[in-house]
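Working notes, structure below.
For this chain, numbers begin at 1 and follow the sequence in order. Indexing begins at 1, ligand by ligand and atom by atom, following the structure's order. Here the structure is a predicted model, which means the values were calculated and not measured.
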Amino acid sequence: MSSIGDTFRVKADGRRLGTVQDPGVFAEGAVWFGLEADAGEDERREGWRLTQLTARAESGDSLRVIKAPQLRQEQSDDSLRARAADVGRPFDIGAALAENPLLTDSRYRALAGSQFSMLTPENAFKPQFLHPRRGVYDFRDADLLVRFARANDMKVHAHTLVWHEALPTWMRENDDPEEVRRTMLRHIATVAGHFKGKVAEWDVVNEPMSDDEKSYTNGDRGLRSEQSPWFEAMGEEYIDEAFRAAHRADPKARLFLNEYGVEEEGERWDALYDLVERLKERGVPIDGVGFQNHEYAPGDRIDPETFRSHVRDLAELGIQARVSEMDVPIGEDEEDGQQTQADEMAGKLRVCLEEPNCTSFSTWGFTDRYGSTADTKIYPPRTADSLPWDAALRPKLAYERLLEAFDEA
Ligand code: G3I
């Protein structure tokens with residue numbers, strides 16, 4: 001791989017494979033080298049071992065090994081979090097953060113620590129990474145995010161304890177219902193116990209609603225069934241048990257159920273509302289509902305007033321709401337994409353600020369440089385365009401509109 005100007009050229013076995021635009025990965029004059037040795041499921045197999053790594057500076061240049069960066073970032077009055085602090089009630093502005101750019105990209109780090117009062121770990125708290133083998137936990141990346149939050153007086157909205165995705169293979173392999181239940185409860189007790197007092201909130205259950213039309217009429221009450229080992233083993237009760245276990249492990253944490261596609265009207269929202277009502281009736285310790293607000297397709301762009309009515313419905317049940325994962329990709333042929341994106345984000349933030357039970361607004365990432373809507377599996381790879389900062393970490397119109405929404409509040 002060679003870097004020429006703003007282009008990477010990739011060669012293998014003497015063959016030129018192609019070129020990729022460089023969004024400035026060497027801009028800081030530092031190279032981060034990452035390796036992974038996955039021994040696979042068979043613990044006796046060793047994978048491979050790196051025995052030597054040589055780095056050489058071109059003549060005249062010096063070479064230095066960088067240790068872990070300073071986590072505390074400089075604060076500014078001109079930021080989203082400074083505006084959020086002035087709302088007159090506790091209100092957080094957040095983003096999903098990833099540990100790799102936090103370590104390797106000082107501009108990402110500076111914005112993350114100075115613009116937001118809350119962070120959601122994008123992946124580090126998922127069972128796939130935290131609990132790779134039965135009883136083997138790896139908290140290193142997750143703890144780094146918690147330390148970053150502490151260093152910058154940010155809250156952690158932890159994501160997520162129980163989901164049907166991002167599971168290590170071993171968690172899917174058991175079909176004895178009692179064993180599955182024990183696995184879930186042990187995972188929650190250990191993980192929520194580890195972070196007790198360090199995280200403000202948990203997504204206890206993520207995306208429990210079904211994408212299959214049938215689930216809304218066949219007695220499953222709209223809950224995701226076959227895909228979820230938890231529902232398969234316990235039925236709806238897995239949700240009750242998960243919340244109760246999280247509450248036992250960390251009684252002060254606020255507990256959320258997080259879902260997509262429920263901003264709009266329809267049977268999905270109706271079923272979610274009914275579920276929350278049942279949970280309340282059964283005395284389950286649920287504090288809030290996260291509305292993900294991914295607007296992956298133009299059809300996902302719904303009137304903020306509809307979203308408002310759902311937030312109000314929850315208020316009547318004594319339940320909080322939050323915008324938990326907002327991002328708005330811009331369609332390729334969209335004329336006024338930046339404007340639409342800015343309007344969509346500011347529209348939801350405005351509603352959230354106006355409804356007293358809406359406690360925070362978070363985007364899923366904050367810069368297109370590392371956005372989850374990037375497509376790196378195609379050639380040439382497509383960068384993301386869904387977030388308030390662009391791939392060069394410059395603020396976009398959406399950022400300005402979010403600031404204005406705070407100013408109007
Ligand atoms: O880092 C690992 C690497 O070690 C491994 O070798 C490689 C091969 O699988 O995968 C890398 O992990 C990937 C991870 O992202 C980090 O890049 C996972 O495979 C990949 O599945 C994972 O995707 C995440 C996805 O959730 C599934 O967990 C996305 O980054 C993340 O943005 C996305 O976030 C979800 C929310 O949790 C829930 N709501 C929707 C939202 C967007 O899809």
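Contact annotation: F125 has no heavy atom less than 4.0 Å from any atom of ligand 1. Within the 4.0 Å heavy-atom shell around ligand 1 one finds F129.
The option from E99, H294, E122 that lies nearest to atom 31 (C) of ligand 1, judged by heavy atoms, is E122.
Partner of H310 under the side-chain hydrogen bond (donor to acceptor under 3.5 Å, both in side chains) criterion, out of E264, E265, E263: E265 alone. Among Y108, F366, F148, the single residue meeting the ring-ring contact (aromatic ring centres under 6.0 Å, His included) criterion with F116 is F366.
Counted within 6.0 Å of CZ on R89, heavy atoms from surrounding residues, nucleotides or ligands total more than 12; the atom is thus considered enclosed. The environment of E178 atom CD is dense: over 12 non-hydrogen atoms of other residues, nucleotides or ligands sit within 6.0 angstrom.
Heavy-atom contacts of Y296 reach the following atoms of ligand 1: 42 (C), 43 (O) (cutoff under 4.0 Å). Distances below 4.0 Å separate heavy atoms of E325 from the following atoms of ligand 1: 36 (C), 38 (C), 39 (N), 40 (C), 41 (C). Near S372, meaning under 4.0 Å from any of its heavy atoms, are these atoms of ligand 1: 32 (O). Near E207, meaning under 4.0 Å from one of its heavy atoms, ligand 1 places the atoms 38 (C), 39 (N), 40 (C). Set against the non-hydrogen atoms of Q292, the atoms of ligand 1 under 4.0 Å away are 39 (N), 40 (C).
Neither the backbone nor the side chain of T160 has a heavy atom within less than 4.0 Å of ligand 1. Of all the heavy atoms of W364, the ones lying under 4.0 Å from any atom of ligand 1 belong exclusively to the side chain. Under 4.0 angstrom from ligand 1, there are no non-hydrogen atoms of Y370.
Of the polar atoms of Q128, none of the N or O atoms is found under 3.5 Å from an N or O of ligand 1, judged by distance alone. The N/O atoms of W163, backbone and side chain alike, include none that comes under 3.5 Å of an N/O atom in ligand 1. Ligand 1 has no N or O atom lying under 3.5 Å from any N or O atom of N206, backbone or side chain. Of the N or O atoms in E165, none lie within a sub-3.5 Å distance of an N or O in ligand 1.
For D153 and R72, the salt-bridge test passes: some basic side-chain N is under 4.0 Å from an acidic carboxylate O.
Remark: R350 fails to qualify as a cation-pi partner of F361 under the 6.0 Å distance and 45° angle criteria applied to the six-membered ring.
Ring-plane geometry between F195 and F125 is classed as parallel, the angle between the planes falling under 30 degrees on a 0 to 90 degree scale with a further cut at 60. In this structure, Y273 and W269 have tilted ring planes: the angle between them lies in the 30° to 60° band. Aromatic ring pairs are classed by plane angle as parallel below 30°, tilted from 30° to 60° and perpendicular above 60°; the pair F139 and Y137 is parallel.
Inspection of the R322 and S360 side chains reveals an N or O donor paired with an N or O acceptor under 3.5 Å.
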